[in-house]
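Notes to accompany the following structure.
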Amino acid sequence: GNMRFLCYGEIADMDDEETFLGKIRATPGCTVTDVYSFRNSRNLKDRFGEYTALKDLYREPGYADAPCAMIFTSGSTGKPKGVIHSSRTLLKASEKQVVCQHVTEQDRNLLIVPLFHIMGLVVCLLPCALTGAMLYIPANIRTATLIRVMQEEKCTLLHSVPTMFIAELDHPMFSMFDVSCLRTGIMAGSLCPVELMKRVSEKMFMTITSVYGLP
């Protein structure tokens, strides 16, 4: 990918950071020169003092249509593609989510999809930034944790993939929690069976929009 900088966080299969980084650098054609960790063990607040020293280094004007981020497609065609987005396209897409889901500052969004994915960025993070809605990031994405946070934080928005909705509905503790606070959400990433859509509507009290593989 001709990348110079690598940012990494918590990775389940990482034994230790040095081994992980060693494998990356040993990959033929690797162009990474600098790495930055934002794992849980790093306190980013310790770096706040650096911003004052750097503030005069970035004075170039920004353009709304300049490349801003590259997000890979799901690979449903067998060939995942890196799609270049500008800040304008990201914000416009997020604005559509706000309008379609009637998101307001009263909403509470439970983030259970990656922020490097279009769903995490455009459906979860940016709509909250545009409206002032709360975004809750759980300590982990274990099913029991997610169900508990839904109830405790009275989450109103939940966006994910079919397998995650199935895991939540089938969890033995699901009936022990009150998730009637949920209002609406998007199910994407793969085909949503009709029966799953009915279960989500009846058991999670949500209006769900499927944006991929609609039967």
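Note that this is a predicted model, so its numbers are computed, not measured.
Leu157 and Leu130 fall within the same hydrophobic cluster, defined by Ile, Leu, Val, Met, Phe, Trp and Tyr side-chain heavy atoms under 4.5 Å apart, directly or through other members. The same ILVMFWY cluster, assembled from side-chain heavy atoms under 4.5 Å apart, contains both Val35 and Phe20. Leu121 and Val83 are assigned to two separate hydrophobic clusters, defined by single-linkage of ILVMFWY side chains at heavy-atom distances under 4.5 Å. Residues Met176 and Val179 fall within the same hydrophobic cluster, defined by Ile, Leu, Val, Met, Phe, Trp and Tyr side chains chained together at heavy-atom separations under 4.5 Å. One hydrophobic cluster, built from ILVMFWY side chains closer than 4.5 Å, holds both Ile147 and Met173.
When side chains are defined from C-beta on, Gln101 counts as touching His159, because their heavy atoms get closer than 4.5 Å. In this structure, the side chains of Leu196 and Ile208 stay at 4.5 Å or more apart for every pair of heavy atoms. A heavy-atom distance below 4.5 Å is not found between the side chains of Leu110 and Glu153. You'll find the side chain of His85 reaches within 4.5 Å of the side chain of Ile118, heavy atoms only. Using a 4.5 Å heavy-atom cutoff, the side chains of Tyr136 and Glu152 are not in contact. The shortest distance between side-chain heavy atoms of Val194 and Lys198 falls below 4.5 Å. Within the 4.5 Å cutoff, the side chain of Leu125 has no heavy atoms near those of the Leu111 side chain. A heavy-atom distance below 4.5 Å is not found between the side chains of Phe177 and Met150.
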Next on the checklist: Let's go through Leu135 and Asn109 carefully: what are the C-alpha distance in whole Å and the side-chain angles of both, what is the deciding distance for side-chain contact (heavy atoms from CB on, under 4.5 Å) to 0.1 Å, and is it a yes or a no?
Outcome noted: CA-CA 5 Å; Leu135 182 68; Asn109 195 335; 3.9 Å; yes

Next on the checklist: Show, in sequence, the C-alpha distance, side-chain angles and deciding distance for Asp170 and Arg199, and conclude whether the side-chain contact (heavy atoms from CB on, under 4.5 Å) test is met.
Outcome noted: CA-CA 10 Å; Asp170 289 346; Arg199 289 183 68 197; 2.8 Å; yes

Checklist entry - Yes or no on side-chain contact (heavy atoms from CB on, under 4.5 Å) for Val161 and His117, after CA distance, side-chain angles and deciding distance? => result CA-CA 12 Å; Val161 296; His117 189 279; over 6 Å; no

Checklist entry - How far apart are the C-alpha atoms of Met204 and Phe174, what are their side-chain angles, what is the distance that settles it, and do they pass the side-chain contact (heavy atoms from CB on, under 4.5 Å) test? => result CA-CA 10 Å; Met204 303 181 82; Phe174 179 78; 3.8 Å; yes

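Atom SG of Cys124 is separated from atom CD1 of Ile112 by 8.0 Å, given to the nearest 0.5 angstrom. Ser37 OG to Leu6 CG: the interatomic distance, rounded to the nearest 0.5 Å, is 10.0 Å. Within the model, atoms CG of Asp178 and CD of Gln151 stand 6.0 Å from one another, a figure rounded to the nearest 0.5 Å. Interatomic distance, Arg108 CZ to Leu182 CG, rounded to the nearest 0.5 Å: 12.5 Å. Taken to the nearest 0.5 Å, the SG atom of Cys100 stands 8.0 Å off from the NE2 atom of His102. Distance check, rounded to the nearest 0.5 Å: CG of Leu158 to CE of Met164 gives 8.5 Å.
In terms of modelled atom types and a separation under 3.5 Å, the side chain of Ser94 and the main chain of Leu90 share a donor-acceptor contact. Using a distance-only test at 3.5 Å, with no hydrogens or angles considered, no donor-acceptor pair links the side chain of Gln97 to the main chain of Val123. Side chain of Thr156 to backbone of Asp107: no donor-acceptor contact under 3.5 angstrom is found. Between the Thr31 side chain and the Met3 main chain, a donor and an acceptor come within less than 3.5 Å of each other. Remark: side-chain polar atoms of Thr207 are not paired, donor with acceptor, to backbone N or O of Thr184 under 3.5 angstrom. Side-chain atoms of Ser87 come within 3.5 Å of backbone N or O of Ala64 as a donor-acceptor pair.
Contact detail for Ser86 and Cys68: the closest heavy-atom pair is C-CB, 3.6 Å. Across every non-hydrogen atom of Ser180 and Phe205, the tightest pair is CA-CD1, 3.5 Å. Nearest heavy-atom pair across Val149 and Pro138 is CG2-CB, 4.5 Å. Minimum heavy-atom separation, Cys192 to Pro162: CA-CG, 4.4 Å. Minimum interatomic distance between Cys128 and Met134 (heavy atoms only, all atoms of both residues): SG-O, 3.7 Å. Counting all heavy atoms, side chain and backbone alike, Val103 lies closest to Ala133 at CG1-CB, 4.2 Å.
With a 6.0 Å radius and a threshold of 12 heavy atoms from other residues, nucleotides or ligands, Tyr63 has its OH atom at or below the threshold. In Ile141, the CD1 atom is not crowded: 12 or fewer heavy atoms of neighbouring residues, nucleotides or ligands sit closer than 6.0 Å. In this structure, Arg142 places its CZ atom where only 12 or fewer heavy-atom neighbours from other residues, nucleotides or ligands lie under 6.0 Å away.
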